[in-house]
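Heads up, the thing below is written out as structure tokens.
Every heavy atom of this structure was used, including side-chain atoms; hydrogens, water molecules and symmetry mates were not. Please read all numbers here as calculations on a predicted model, not as lab measurements.
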Amino acid sequence: MGFENRVAPQGWENGLTTLQPRPAPGTTTLASPIGNNADAWHIAHAKKHAAVLITNEGFSPTGYAPSKIAKRATAEGVKTCFPHEFYAGKISETVETEAFLRRFREQAPRYLDARKTTDAMGEVLTWVYGYFRLILLGEAEGHPVPVKVSVAT
């Protein structure tokens with residue numbers, strides 16, 4: 001989840017009652033939580049701020065099932081939900097997907113211009129845009145019908 005570049009505030013783990021975070025391998029602090037400690041960090045943050053923990057963990061091709069992080073969060077008194085439960089009735093997935101892809105198409109050239117890049121970033125952004133279209137719409141370049149996508153966990 002990218003915690004290797006983030007620094008968690010000192011003492012973040014103090015409010016946890018059932019979880020026992022451990023320092024990441026090769027370190028002596030909990031400042032850069034990874035793996036199970038990243039889960040613990042998210043739970044601690046949600047608990048401290050009385051926030052709902054939104055997680056996609058537990059998703060499979062057959063639907064959603066209770067996950068390890070949800071069970072750990074519940075034990076800490078943190079409410080959890082899946083993304084579709086959080087936004088149900090609040091947004092139109094179709095409208096939001098179209099708006100996201102439109103913003104991506106508009107902002108990608110501006111991003112490249114601002115970086116004045118000569119590397120392969122344009123190619124990377126094109127690939128990322130195609131990936132988003134595949135995941136969000138099931139569309140893949142060269143395929144006339146939507147592609148079925150399943151996520152292995």
Side-chain angles (χ1 to χ4, degrees), residues 1-9 12 16 19 21 24-26 30-153:
M1 186 99 204
F3 280 99
E4 61 278 355
N5 296 321
R6 297 184 190 176
V7 177
W12 65 265
L16 298 173
L19 302 175
L30 294 169
S32 297
I34 60 172
N36 285 334
N37 284 350
D39 289 354
W41 184 89
H42 280 104
I43 294 166
H45 187 78
K47 184 175 182 176
K48 177 180 179 182
H49 298 283
V52 175
L53 180 65
I54 303 168
T55 180
N56 213 29
E57 188 177 286
F59 177 75
S60 73
T62 58
Y64 285 95
S67 65
K68 186 172 75 171
I69 193 171
K71 292 173 186 173
R72 294 172 76 191
T74 300
E76 286 292 327
V78 173
K79 181 179 174 6
T80 64
C81 69
F82 296 114
H84 73 278
E85 295 169 325
F86 179 77
Y87 65 71
K90 299 175 188 171
I91 68 167
S92 163
E93 287 185 35
T94 302
V95 169
E96 295 299 329
T97 298
E98 289 170 359
F100 170 78
L101 292 171
R102 178 184 41 76
R103 287 190 309 270
F104 191 101
R105 285 189 312 271
E106 291 170 356
Q107 294 299 321
R110 293 179 192 153
Y111 174 80
L112 292 172
D113 287 345
R115 290 187 76 226
K116 296 181 182 15
T117 181
T118 57
D119 58 16
M121 186 55 71
E123 185 179 341
V124 170
L125 288 178
T126 299
W127 183 89
V128 169
Y129 180 75
Y131 175 76
F132 283 143
R133 290 190 65 81
L134 176 65
I135 297 301
L136 296 171
L137 302 173
E139 296 178 0
E141 192 173 327
H143 292 275
V145 296
V147 176
K148 289 190 176 187
V149 178
S150 65
V151 178
T153 56

In a table with atom names and distances, give each donor-acceptor pair under 3.5 Å that connects a side chain of residues 84-99 to protein atoms at least two apart or in another chain.
from	atom 1	to	atom 2	distance (Å)
Glu85	OE1	Phe82	N	2.7
Tyr87	OH	Glu93	OE2	2.9
Lys90	NZ	Phe86	O	2.9
Ser92	OG	Val95	N	3.3
Thr97	OG1	Glu93	O	2.7

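Contact between Ile43 and Ala73 at its shortest, heavy atoms only, is CD1-N, 3.7 Å. Taking both residues in full, the closest heavy atoms of Val52 and Cys81 are given as CG1-SG, 3.7 Å, listed atom of the first, atom of the second, then distance.
Considering only heavy atoms from C-beta on, Arg110 comes within 4.5 Å of Gln107 through its side chain. Taking the side chain as every heavy atom from C-beta outward, Leu137 and Phe132 never approach each other to under 4.5 Å. Contact annotation: the side chain of Tyr129 approaches that of Arg133 to within less than 4.5 Å [non-hydrogen atoms, C-beta and beyond].
Remark: the backbone N or O of Ile69 is paired with a side-chain donor or acceptor of Glu57 at under 3.5 angstrom.
Of the inter-residue distances, the one linking Arg72 atom CZ with Leu53 atom CG reads 11.0 Å to the nearest 0.5 angstrom.
Under the 30°/60° scheme for interplanar angles, the aromatic rings of His45 and Trp41 are found to lie parallel.
Comment: Glu106 engages Arg102 in a salt bridge, judged by a side-chain N to carboxylate O separation of less than 4.0 angstrom.
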